[in-house]
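Written below as structure tokens is the structure these notes are about.
None of the values given here were measured: they were computed from a predicted structure. Chain letters run A, B, ... following the sequence lines, proteins first and then strands; every chain starts at 1.
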2 protein chains.
Amino acid sequence: MLSHERMLSVLDLFDLERPEWSFDEMHAQLGFSRSTLYRYLKTLTDAGFLTTFPGRGYSLGPRVIELDYQIVATDPLIHVARPVMNELVLGYSGVSLLCRRYKQKVLCIHQETSTDQFRSTYERGRARPLLQGAASLAVLAHFSTYQLTKLYDEQSGEFALAGLGDTLPEVRETLKGIRQRGWVKTTGQVTKGVTGIAAPIFDGKKEIIGSLSLTLPETSMPAEREEAIAERVVFCSRIISKSLE
Amino acid sequence: MLSHERMLSVLDLFDLERPEWSFDEMHAQLGFSRSTLYRYLKTLTDAGFLTTFPGRGYSLGPRVIELDYQIVATDPLIHVARPVMNELVLGYSGVSLLCRRYKQKVLCIHQETSTDQFRSTYERGRARPLLQGAASLAVLAHFSTYQLTKLYDEQSGEFALAGLGDTLPEVRETLKGIRQRGWVKTTGQVTKGVTGIAAPIFDGKKEIIGSLSLTLPETSMPAEREEAIAERVVFCSRIISKSLE
DNA sequence: TCTTTAATCCCATAAAATGAGATTTTTATT
DNA sequence: AATAAAAATCTCATTTTATGGGATTAAAGA
């Protein structure tokens, strides 16, 4: 199935650095014939994934916005978490992120903030490194044995680099520790100068589906404060998990 | 190009009513063979447009969220309009909508609100009827002659239903009136019990690209109030247009 | 209204998609 | 940890569609 992938690969051209492309630029970059490229563009434009603004070339189209609206409007996780997160950031001045697990990806899907002091580099639509940062580790710690083994086989070097262990058994021990603690804290691992505390979120079948985190602009804090914040984050994540049963 | 469209048509299954589908449900609904459907689903899942949650079937995938983030992060219209709209709703208690024109579609791409008194039924990702409501009429009034003629040929009945005129010349006169006034007001045309006042937004080449509107929970208001609000909306829309030059 | 640019259509040939069923992977259960 | 069940992928002869080069049409610009 080569042709379908080729067509969808056109969409990979559009990123934060290059949100607009002229036909000639795409033609030069992709190496498809003019006819084929116009044909792909027509299909993607008719379906709403791309659009043309006269004199400006091609951009991502309205269907993307509509589909994302649909996700926001129908995802029970976002619906349930929103008020909880809103309350969480009223209590502690920081940024709360809601992340969803998609297979081997952890993606931010909602954020609430109560501070102008710093801006999280993460917001809805931004993927997190899977092996770093509290929000991801809170999810990774609950991967099934099968999925963790598979991931380790594919990326064993990155596990060591992330400090999670040099062998699979070591990694399992590290993640078991996180599971038993019920929350995880990282400092400056993903974003300099901040501390993130995260706890896992489960669906009605007790499967790991995401994490709730709170990010604060502090690189060190007294143990009592850390414990109090962690207890609140865990408390909130449990409310969310229970609401999804 | 039948096969590409067939594959993309799978995505049309997912809507607000049915955000999740099992393989068997899709198979029954679409009429493709099992092999073909699995193959389409693999391509769409690998590209991130769909995802599977074990035991729950298929849903829209992370790529949609990421692409929408990209649009939000790179669209100069949103970037420029956000602070202006924030200030607008601080002055008048209502909901301000930013709409973008995509060919023959007007889509909400950003909203700011300062009231809990009512919720707009429109927000980012919701399309507006093209021939009704202030936000759309503010755009329609600036369609090129060619585009308006083409649209009229396709939907002449809807123009009459919308009260814009029974013939193309009449429609042109109506829209000319809106253009010359610089703003347009509608009451209860799209949403009952509210009044919308909208003004057009142009890009650097003076082409119509969208509209800015303010929606208020009032079905009638004194003429002076209406004029003052319209003047503010026009003022804000001009700031946005100038910022895009 | 006319000219230029962008986009679509045509058609013989080449390539890929298809569907039925075998096989492998992943999840769920014990 | 092992096994069974469910989900997903692979195989291959046949069928269908995609391709590319250039002709033609549509849309934008002057």
Measure the distance from NE2 on B:H4 to P on D:dT16 and round it to the nearest whole Å. 18 Å
Are A:S3 and D:dA18 close enough that a side-chain N or O sits under 4.0 Å from OP1 or OP2? no
Nucleotide by nucleotide, 5' to 3', does protein get under 4.0 Å of the base (B), only the sugar-phosphate (S), or neither (-) in nucleotides 22-30 of chain C, counting heavy atoms? ---SBB---
Among B:R124, B:R126, B:K105, salt bridge (Lys or Arg N to Asp or Glu O under 4.0 Å) partner for A:E66: B:K105
With a 4.5 Å limit on heavy-atom distance, are the side chains of A:L140 and A:L164 in contact? yes
Taking 4.0 Å as the cut-off, does a side-chain nitrogen or oxygen of B:Y40 come that near to OP1 or OP2 on C:dA17? no
Between atom NE2 in A:H27 and atom P in C:dA6, what is the gap in whole Å? 14 Å
Rounded to the Å, how far apart are A:W21 CH2 and C:dA6 P? 17 Å
Excluding sequence neighbours, so at least two apart, what forms ring pair (Phe, Tyr, Trp, His ring centres under 6.0 Å) with B:F202? B:H142
OH on A:Y38 to OG1 on A:T45, rounded to 0.5 Å: 11.0 Å
From NZ of B:K206 across to P of D:dA30 the rounded distance in Å is 15 Å
Produce a footprint string for nucleotides 7-13 of chain D: one letter per nucleotide, 5' end first; B if the base is under 4.0 Å from any protein heavy atom, S if only the sugar-phosphate is, - if neither. SBBBB--
Give the rounded distance in Å between these two atoms: CG of A:L8 and P of C:dA16. 16 Å
Can you check whether A:T36 has a side-chain N or O nearer than 4.0 Å to OP1 or OP2 of D:dG20? yes
Would you kindly give the CE-to-P distance between B:M7 and D:dT16, to the nearest whole Å? 21 Å
Taking atom CZ as the centre, does A:R238 end up with more than 12 heavy-atom neighbours from other residues, nucleotides or ligands that are less than 6.0 angstrom away? no
A:R128 side chain to A:Y122 side chain, donor-acceptor N/O pair below 3.5 angstrom: no
Identify the heavy atoms of B:A138 and B:P200 that sit nearest to each other, and give their distance. O-CB, 3.6 Å
Distance-only donor-acceptor check, side chains A:R56 and A:T51, under 3.5 Å: no
Answer yes or no: is there a donor N or O on one side and an acceptor on the other, between the side chain of B:Q147 and the main chain of B:F143, under 3.5 Å? no
Atom CZ of A:F32 to atom P of C:dA16: distance rounded to whole Å? 12 Å
Can you tell me how far C1' of D:dG29 sits from CZ of A:R56, to the nearest Å? 17 Å
